[in-house]
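Order of the sequence lines sets the chain letters (A, B, ...), proteins ahead of strands, with each chain counted from 1. Just so it is clear, the values below take in all heavy atoms, side chains as well, and ignore hydrogens, waters and symmetry mates.
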Amino acid sequence: MVLSILNTEQPVSLIAEVALLSPPFVTLSYSLPKVFVPEFWKVGQRVVLPLGSGVRIGVLLALKPQTEITNNSQTKDIVLKDLIWSLDKKSFFSESYLRVLIQLSHRLFLPIGQILASVLPIGLRSNQLKLCVFNGQKPKKYTLKELRFFDEETYRKLAELWASGQGGIIERNINTLENELCELCVDPPWAVRPSAKRQIALLELLWENGALNRKIIQDKLGAEANESLKRLSELGFVKVRPAQGEEAEADEIQKIWEKVPLNEEVSAFELTNAQQEVVDKLKDSLDTHQRSSHLLHGITGSGKTVVYLELLKHCLAQGRSVILLAPEVALAIKLKNDLQKRFPQQKIILSHGYQTPTLRESIFRQVSEAQEALVIIGTRSSLFLPLKNPGLIILDEEHDASFKQDEGLVYQAKELAYAIVQEYNAMLLLGSATPDIKSFQATKQGRLTLHSLPERVGGGTLPQVELVDIRHLTPTDGILAKPSQEALLETINKGEQAVILLNRRGYAPLIYCMQCSEPIKCPHCDIALTYHKARERVVCHYCGYNYAFPAPCPTCKSLNFVPFGEGTEKLEESLSGILPPDVKILRLDRDNARRAGRMEEILAAFARKEAQVLVGTQMLSKGHHFPDVTLAIVADADLGLNLPDYRATERSFQLFVQSAGRAGRGSKAGKVLIQTRNLNHYCWDYVKSTDFSGFFEVELQKRKRMKYPPFTNLALIRLSFPVEWKEGYKAMELFAEIYKKEAETLDVAVLGPAPAPLSMLRGRRRYNCLLKAQNWQHIRRIFQVGLQSNPFKDKIRMHLDLDPVNMM
DNA sequence: AGCACGCCGACT
DNA sequence: GTCGGCGTGCTC
Ligand SMILES: [Zn+2]
Ligand SMILES: [Zn+2]
């Protein structure tokens, strides 16, 4: 079919720029093998290339006329090698997609190859891939390395077979029979030879029965079917994927939600006037096909999700894809389930960072090959899926810090989403009940368009917020003050539910040794160990260090300990003492929701009213709605308010308002109790009246006065060195000099380096250097200078955190 | 990451 | 004298 990709006589004069997908991740120039016509090579293909004496995989970034290269003095003397092969006949990445990632690579100071490699599941960039061709009957496999050293004639022969569809690239070696599900990818008629009876029989079988595993296929068609199957899968008619493994598991997790009815905000078919107005405006904006960015500020229970749904439908109808991002996996799963219930026909792809490589590979491939518009729901890593035509990106709970967090690639979901939207002329929609102050500020400056949903669906009122003074509480009193206990009992007696938020997991956050007069600390971090009762261990929440407890004090060997403070585990235990014995209490935190699906089980059980009280960490305050919850208690509000962070108040405000959102929906009135020792804090007036704009105004004034974002750009250079390296302290002074000197010429305020609040972590001393500047480039510049003039590269690690999520 | 090249110790 | 340890450095 594709014989036209083979070259006959044309001279090949283009040069390929290829980004390597394995170290050294550089972008190198290659000439093109004359066996293929120049038009065969397309930007975005994954290509096989020679490097040194081996072979690698890279992505073709550009094709340039030879003259451009030869005029460059750097590359003039290098004799270019030919590319070897392509893994794709068509382009795998679109030029738009590559442009977005190249932009990201500039921002992160990383080579584009490294970005592409971290984005591509391993199976799609593995050096172990093989070329499989059929010459006559028997299939033959060649490793990529073998391809490099074939003589001209064999190479051309293979290229001919491959070009005519007599072979393909084997993406992965697949496991055993039952575990492999075969799925038809193409509707009839199928382009196979009419004489290929077995292949046709197999295609028919799958057409009739849907997806089948290989065991069943073998039983029905005999062992000979294997050969046909292999062939068909290499031709792309049939896809073989793991049957049980992760997909089955993911489905199981989805099923947990099935018995839980949709919330009224999501299930409503009639839009409220406010919703309709917002939807109309945003639809109009989508219709223009112009890039645009919006902030949807809808109070808790105002039905933001329905607005998303309407826009999603509209965007799909335009033939453009939609990405809907949630701040964490559990929310994405829930959201997917809710949406699927509303649109049973629509295929919705769930994508998040906890999926296994195999599943991620299959999703990546599916997205890259899709011709139709797709709906993707996931966490921030979903932004890297190679969608052809994204039209709408929604970030739900846009204020959430997890959109900024940095594991692996340090990118900010909001910025990346913005870049994508710019590239594709799409729409960015940020949604929250408690927007980030920066987003709010951006609406004032016209960079975001503000839309509001000021009322709850069904006219429900916002809950009443009350402060509970806990200054008088002694350690023996437990963590809940009398008014909180009474309110809790009252709620339960009415047959309603309550949630209690305590942002501290474990049993006791501090174990005090009476002999040493010191808490037990982690030997690697400057942090007290937390006691986990069920695990019978003390644990460092920062590095994971732990040992069985009780055990003699590591310093004095005494066994005289007093636990201090209360975590969720203890709270759950002490609640059962306070509440009537028949009251069921559930707990939700990272410790008991570790197993896949466990979190969903707990949330679903609570939603089904199998318990009256749910105790949890902040994962509980994020977006989950329980209609019968009428009381929310924030057990220790000061935990967040007292953090050494300029955003402590903003974060706390968001937490309080979100928690308030858990209480009371529809007809039932809700109540929120906030326990604090800080009764005079300026935020309470605004929390009590849920006066967002009032709070934002005051907070903005404060930020302006203190020269904090959004009125300046703030960054942290994080420096660390091994504790045992005593010269480190001196070296920090050296860096103070370097930064100060460099900052003189640029308009950057430098503070430090000074010991970080978390002064030791994993055996390394930590220092922070705070930078403030109007221009990000200047901040980057100072960091670069420090990086280059680091005389102790093996000892000192440094890392630039732009707009840090935490200052610790 | 590979893979060569290279420079030392302990084996036939 | 040769085999093989893995330290350093390069790859269009
Ligand atoms: Zn530790
Ligand atoms: Zn002690």
Side-chain angles (χ1 to χ4, degrees), chain A residues 7 11-36 38 40-88 91-93 98 101-102 105-106 108-131 141-150 152 155 159 169-173 357 360-361 408-409 787-788 790-795:
Chain A
N7 203 2
V12 179
S13 60
L14 287 175
I15 301 297
E17 298 272 288
V18 184
L20 268 59
L21 293 180
S22 52
F25 292 122
V26 287
T27 299
L28 301 175
S29 305
Y30 285 86
S31 49
L32 302 177
K34 59 181 188 296
V35 168
F36 300 95
F40 166 69
W41 302 98
K42 289 168 207 81
V43 169
Q45 273 172 329
R46 294 170 300 155
V47 293
V48 183
L49 48 92
L51 184 72
S53 57
V55 292
R56 294 308 168 80
I57 292 180
V59 172
L60 210 166
L61 294 182
L63 289 159
K64 295 180 174 169
Q66 205 145 30
T67 48
E68 251 180 70
I69 306 292
T70 43
N71 291 341
N72 184 328
S73 57
Q74 288 236 307
T75 48
K76 181 160 69 185
D77 301 330
I78 298 167
V79 181
L80 300 190
K81 292 181 184 172
D82 274 1
L83 288 179
I84 299 171
W85 211 266
S86 172
L87 299 185
D88 310 298
S91 164
F92 190 81
F93 296 111
L98 291 174
L101 288 205
I102 287 169
S105 83
H106 293 322
L108 300 183
F109 295 107
L110 290 172
I112 177 65
Q114 193 175 342
I115 305 260
L116 282 163
S118 61
V119 157
L120 258 185
I122 179 73
L124 297 175
R125 60 183 160 87
S126 160
N127 280 21
Q128 312 303 312
L129 299 179
K130 291 192 173 75
L131 174 73
K141 281 186 197 168
Y142 303 98
T143 64
L144 300 182
K145 190 155 187 189
E146 281 172 311
L147 288 176
R148 174 172 179 180
F149 297 106
F150 281 132
E152 181 82 36
Y155 183 70
I169 301 292
I170 300 175
E171 297 286 354
R172 193 169 254 276
N173 295 324
R360 285 181 47 225
E361 181 187 328
L409 277 188
L787 200 63
Q788 276 149 25
N790 179 5
F792 316 101
K793 288 200 165 53
D794 53 333
K795 293 275 194 289

d([atom1], [X]; [atom2], [N]) in whole Å:
X: A/Arg125; N: B/dG2; atom1: CZ; atom2: P; result: 12 Å
X: A/Asp82; N: C/dC12; atom1: CG; atom2: P; result: 12 Å
X: A/Lys145; N: B/dA1; atom1: NZ; atom2: P; result: 17 Å
X: A/Asn127; N: B/dA1; atom1: CG; atom2: C1'; result: 8 Å
X: A/Ile84; N: C/dC12; atom1: CD1; atom2: C1'; result: 12 Å
X: A/Leu63; N: C/dC12; atom1: CG; atom2: C1'; result: 15 Å
X: A/Trp41; N: C/dC12; atom1: CH2; atom2: P; result: 16 Å
X: A/Leu49; N: B/dG2; atom1: CG; atom2: P; result: 13 Å

Distances under 3.5 Å only, N/O to N/O: pair up the protein atoms with those of nucleotides 9-11 of chain C.
{"residue": "C/dT11", "atom": "O3'", "partner": "A/Gly52", "partner atom": "N", "Å": "3.1"}

### Query
Closer than 4.0 Å, any side-chain N/O of A/Lys64 to the OP1 or OP2 of C/dC12?
no
Go through the structure and list residues passing side-chain contact (heavy atoms from CB on, under 4.5 Å) with [X], not counting sequence neighbours.
X: A/Ser118; result: A/Leu409
X: A/Arg360; result: A/Pro121, A/Gln355
X: A/Phe109; result: A/Arg780, A/Gln784
X: A/Pro111; result: A/Phe25, A/Gln114

### Query
Listed by chain and number, what are the side-chain hydrogen bond (donor to acceptor under 3.5 Å, both in side chains) partners of A/Ser91, not counting sequence neighbours?
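Counting only residues at least two positions away or on another chain, A/Ser91 forms no side-chain hydrogen bond (donor to acceptor under 3.5 Å, both in side chains).
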### Task
Give a yes or no on whether the ring-centroid distance for A/Phe36 and A/Trp85 is below 6.0 angstrom.
yes
### Query
Just checking A/Ser22: base, sugar-phosphate only, or nothing, at a heavy-atom cut-off of under 4.0 Å?
nothing
